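Notes for the one structure printed next.
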Amino acid sequence: MEFEVKREKLVLRAGKQKFEWHIEPRYWRNPLIYVGLLFLLPIVTYFLYPQMLPTIIDANLLAAIAIPLGWMTLGTGRMNFGPQFFIGAGGYAAALCSIHLGWPPAVTLLVAIVTGIIFGLLMSPLAILSGGLYYTLLTLLFPLVFLEVTFIYTDIFKGDTGLFGVAPMINVGSFTLNQLMICLLSLLMMLLYMFIVDKITRSKFSASLAAINDDEEVAAAMGVNVNKMKIISFAIPATMIAVIGWFYAHYYSTFSGITYLPLTFMLKVLMVSMIGGRVQIYGNVVGGYFIAFLELLLGMVVGDYAQVVFPIILLVLLLSLPEGLFGLYRKRRYREYLPTLHVRR
Amino acid sequence: MTEILRVNGVSKHFGGLMAVNDVSFSINQGETLGLMGPNGAGKTTLINLITGKYLTDTGDIQFMGHDITRLAPYKRCKLGISRTYQIPRPFPELTALMSVAVSALYGKDRENQSLEDAATEATHYLEFCGLFSKRNVLGKDLTLFEARGLELARALATTPKLIFVDEVMAGLNPGEAMKAVRLLERAKEEFGVTILWIEHVMAALMKAAQRVVVLHYGKKIAEGPPQEIANDPYVIECYLGSCHA
Ligand SMILES: Nc1ncnc2c1ncn2[C@@H]1O[C@H](COP(=O)(O)OP(=O)(O)O)[C@@H](O)[C@H]1O
Ligand SMILES: [Mg+2]
C-alpha cells in the first residue's frame, strides 16, 4: 500500500492495483455550496418551523436508499424492485438486539451491517441466475414474503403492532434538538453514501459495471469477471440499505415491517430514483427532497386523499419525464472533465 | 511452427440440430486460418464454443498448453483469446473510448493501471482502427463500419494472442470491406496476433489465409491451402447447394 500526492491527483497503489483520484479545486465551489445549503436547511428549519424536520429526515433517508440502489442497478444490470427487504432485515436485526439484548445503537449498527452482508450475499445469486421479468418478480416477492413472516411469527416480529422500546439514537433532552441532531446525522449518512458511490462510479471499477449494464456477454468476453462484479454490486449496496433500516429503528424507537415492506414504500423509493434519473447520484438527492416535500404538501392540501393522489402524480411524472427531472437539467448543462462514462438510465 | 490452439472432436447440438459435429483442427502461431462455410454451417457456434459462450457436448479444446474446455469465458479472454461479433455488439451507452478502456482494463491482469492509464492505452487502439475522431461517440450511434472497427479495437485492447474475426465484410460496401481487410492485415503485423477468420465468401480468404477449414452442416468437410480448397470439387458442390453431407 502506497499513497502519493501529485499535483492534481491522489494516487493509491495497493498490491498490483492503482487508483487515481483527481482533486481539482476549481470544481469544488458548486458542490461545497450545495452541501452547505443542505446543512443550512435543517438548521434554519429548526429555528423557524421545527415541525418540518421529519420531512427533511425522510428526504435524506430516501436519497440514501436510492443512491446505493443506483449502484446495484448499474452493477447487476437489473432493476431490483425490493430493496426494502434489506431495510426490513437491518431494521429488525437492530431493533430485536436493542430490545432483547439491550445493545446500544453503535453495536446494533454492526449487527445491521452483518445482517445486510449475509442477506446480500445469500440473495446475490438471483442477479446471476435470473434476469428480466423473473428477477423483477422475485425481488418484488421477497419483501412481501418477509412481511408475511412478520405476521406469522408475530411473537417475535410483532407484525401487527410493531416492535417498541428500541433505544433512541440520540438523547440530548429536548425533543426538537434530538430531531435536529438526527436530521444532521441522516444528512451525514446520505453524504457519506453519495461520496462512496460517486467514487465508485468514477473509478476503474465503474468501467466494468457500465459494461455489465450494457451487455453482460460481451463484458465477459472482454475479460470482466461478471459474476464477481455482480455479487459485489449486490451485496455492498444491500448492506448500505440495511443500515438505513437500522437508522429507522433507532430514529423512531420502534420498527414494524408493515411500514417499510409493502409496495407503497418501494414506490416512493422507485420514484426517487426515477425523478433523479437512474444512477444519477446527485439526482437522487433532488428526487429524495422532491418526493418527501411533495408528500408533505399533499398531506396538507388534500389530507387523506394523499394516499391515492400521490401515486397518481408520481405516475404522471414518470411517464412525462422518462429521463427524470435531474436528467433534463444535466442535458442542458453538460460538463465533463474526466473520461466520460455514460450509462444506461 | 508451434501450435497455439487445438480443437479435438468438438460437438454441440441445439435440440435436435447438430450445429457443430465432431470438428477437429489446430491453429499455428502467427498463422491466418480461414474458416469457411455456407450460412448456418456452424462457424459462429464453433467460435462460441472456443470463447466459452457455450460449453461443448463432447471433445476438448487446448490453448497454449491449457485445457480450456470448461473454463469461464473471462478467463479464456485473460489467457489471450479475443473475438469480434458477426453482428457488431458495441456497448450501446458507452463512448468508444470507454468501451475500449474496458478491454484494456480487464482483458489481462495488468499491474498499476488506473482508469486514466487505460483510457490512454485505449486511445492508441482507437487510433489504429481509425476511430480516434469518434472517441466520444456512444456505441449505439456508430455506423456499421465504425462499429466493426470498434470491435476490432476492443478485441486488440485485451492484448490477445488469438483473435476470432466473425465475418468482417458482411454488410459493408466494397470500399469499406477493402479497408477492413487491410486493417486486419496491419493488426497482424503490428500486434503479432494469430487470426481465425470466418467468412462465407471464398474470395476474401484466398489472399489472406494460409490455410482454410471448410464447415458444412456442422461437419468439417475440407482443410488445406486456399488454392486447393477453391478447386476442390466437393467444396464447390456444397457451395452450389447440391451436396448432402
Ligand atoms: N443459441 C442457439 N439456439 C438454437 N440454435 C442455434 C443457436 N445458435 C445457432 N443455432 C443454429 O445452429 C446452426 C449454426 O449456426 P451458426 O453457427 O450461427 O452458423 P454460421 O455458420 O452461419 O455462423 C444454425 O442452424 C443456427 O440456427
Ligand atoms: Mg455466423
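What's counted below: heavy atoms across the whole structure, side chains too, no hydrogens, waters or symmetry copies. Since we're looking at a predicted model, the values are computed, not measured. Residue numbers start from 1 in every chain, and the chains themselves are labelled A, B, ... in the order their sequence lines are given, proteins ahead of strands.
Other residues, nucleotides and ligands contribute over 12 non-hydrogen atoms within 6.0 Å of the CZ atom of R70(B). In this structure, F119(A) places its CZ atom where only 12 or fewer heavy-atom neighbours from other residues, nucleotides or ligands lie under 6.0 Å away. Taking a 6.0 Å sphere around CD1 of I87(B), one finds it holds 12 or fewer heavy atoms contributed by other residues, nucleotides or ligands. Applying the 6.0 Å contact sphere to NZ of K108(B) captures no more than 12 heavy atoms from other residues, nucleotides or ligands. Atom CZ of F191(B) sits in a crowded spot, with more than 12 heavy atoms from other residues, nucleotides or ligands closer than 6.0 Å.
Contact count versus chain B (heavy atoms, under 4.5 Å) is highest, among K204(A), R13(A), Q17(A), for K204(A). Most heavy-atom pairs under 4.5 Å with chain A: of the set E111(B), R89(B), R83(B), this distinction falls to R89(B).
When every heavy atom of V102(B) is checked against every heavy atom of A207(A), the shortest pair comes out as CG2-O, 3.5 Å. In terms of heavy atoms, Y106(B) sits closest to F205(A) at OH-CA, 3.8 Å. Considering all non-hydrogen atoms of both residues, D214(A) and E93(B) come closest at OD2-N, 2.8 Å. The minimum heavy-atom distance linking A220(A) with C77(B) is given by the pair O-CB, 4.4 Å.
Contact of E217(A) with chain B is made through backbone and side chain together, with heavy-atom distances under 4.5 Å. Proximity to chain A (any heavy atom under 4.5 Å) is shown, for S103(B), by both the backbone and the side chain. No part of R76(B) comes within reach of chain A, as not one of its non-hydrogen atoms sits under 4.5 angstrom from that chain.
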message: For D117(B) and K18(A): C-alpha separation, side-chain torsions, deciding distance, then whether salt bridge (charged side-chain N to carboxylate O under 4.0 Å, His left out) applies.
response: CA-CA 10 Å; D117(B) 297 340; K18(A) 176 175 155 201; 2.7 Å; yes
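Note that CG of L115(B) is 11.0 Å distant from CZ of F19(A), once rounded to the nearest 0.5 Å.
At a threshold of 4.5 Å between non-hydrogen side-chain atoms, the residues Y74(B) and K228(A) do not count as touching.
Checked by atom type and distance alone, the side chain of D215(A) never pairs as donor or acceptor with a backbone atom of F91(B) at under 3.5 Å. Although no hydrogens or angles enter the test, the distance criterion places a donor-acceptor pair under 3.5 Å between the side chain of K78(B) and the main chain of G223(A). Listed for the K53(B) side chain is no donor-acceptor partner under 3.5 Å among the backbone atoms of A221(A).
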